[in-house]
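Report on the following structure.
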Amino acid sequence: MEYIYPTYYNNFHCIADACPKTCCAGWQIEIDEDALERYRQLQIDTVDYREAAFLQDEKKRCKNLDEQGLCRLIHAHGEEILCDTCRLFPRHTEVFDGVRELSLSISCPEVARMILTNSDNVVFTTEERVEKETEAYTEEERIVYRQLRQLRDWMLPVAQNRSLSLEQRFAKILSVVQVYQEQVDFCVEEEQPFEAISIADVLTTVVKPLDISKTMIHTILAVADEWEYTEPELQEIFDATDAYLQLLSDEDFSQARKHLSEALQKQGIALPATLEQIYIYFLFAYFCGSVYDEYYFGQAQLAVAACYHIEAILLWHFGKYKSIGMEDIIRYTYLYARELEHSIPNILATEAYMDEHRMI
Ligand code: SF4
């Protein structure tokens, strides 16, 4: 079995009671069957056995959390008592034929800090482990995954090429994936085999320009109206951001972007390099997963939109508070990811929206 993961993957350590946004609150924690049976035998009373989930208090905090934010279950029974969700988070695995792609969820504040404070290009490790494939795949899934891997292997260095502006890098990537999507759609319509698609040819696509205007940001922010939210915080931030942007002229918008970038640069934070980290995160974690829902272009645009959604929130924050720092970038990024990546309806709605609302 081939395993691929970013090299920082093994450096993660949960900061537990020092965490500003624990993963033990705000969303339902589902319990796997083995753990549920363990809890039943131990007569653990913080479990909703019908829903296979932990009970929560009125603030949506897991009922196992004590006053210090530590887990009473671990305290009483040791780490082995944990269900898969609690044991594994923030580790995420995407499963493909003969391949496991591992990532750490950026919705965890400590992971967000690790990813966003890294100013270098992310490096990925590939290793073989002796392990048998346990899943079944269709032939189509095998072929499309191979093609998406080829595309992503090309996209990663393009996205990390700092001799180009971020807009130029995204324009190249989106132009290529748009053509790939068109060729897949053509194969489906004409009942042609997917092997007929030449990735080498797709990569020669003529690049269309990407122009980040206020109108475009307003359009891509509108997808947030279709999201379901576990708590109102991010929804209110989105509303405030959109209202703030509406007050700006096109010229004000360009100036606001420039001033934000300069304010961060004074603290040694290069905004394009930080947004690159966000992009690489979403690209690696989810692009190849589009093999299962066929929104290849929508998924590629989702990763780009995530960067501009977060930049728009930073613009609003800087406009409102007149100050900004890495802690703000980290906080808005994990709040954003908490609402997007742990909700299948939100991911699907965003992929579909970004498929229809083309940025190039
Ligand atoms: S969100 Fe991350 S750092 Fe915070 S408690 Fe969960 S795993 Fe630990």
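We count ligands from 1, going down the list as the structure has it; atoms in each ligand are counted the same way.
Residue pairs meeting the salt bridge (charged side-chain N to carboxylate O under 4.0 Å, His left out) criterion with at least one member in residues 74-98, sequence neighbours excluded: Asp84-Arg87, Asp97-Arg142.
Against a heavy-atom cut-off of under 4.0 Å, Lys21 is close to the following atoms of ligand 1: 1 (S).
The nearest pair of heavy atoms linking Tyr39 to Cys83 is OH-N, 3.0 Å.
Counting heavy atoms from C-beta outward, Thr333 and Ile330 have side chains that stay 4.5 Å or more apart. Proximity of Phe238 to Trp227: side-chain heavy atoms (C-beta onward) are separated by under 4.5 Å at one or more points.
Put simply, the side chain of Ser165 gets close to the backbone of Gln168: a donor and an acceptor are under 3.5 Å apart.
With waters neither drawn nor counted, the protein N/O/S atoms under 2.8 Å from atom 8 (Fe) of ligand 1 amount to 1.
Note that Arg100 lies outside the cation-pi zone of Tyr3, set by a 6.0 Å cut-off to the ring centre and a 45° limit from the axis.
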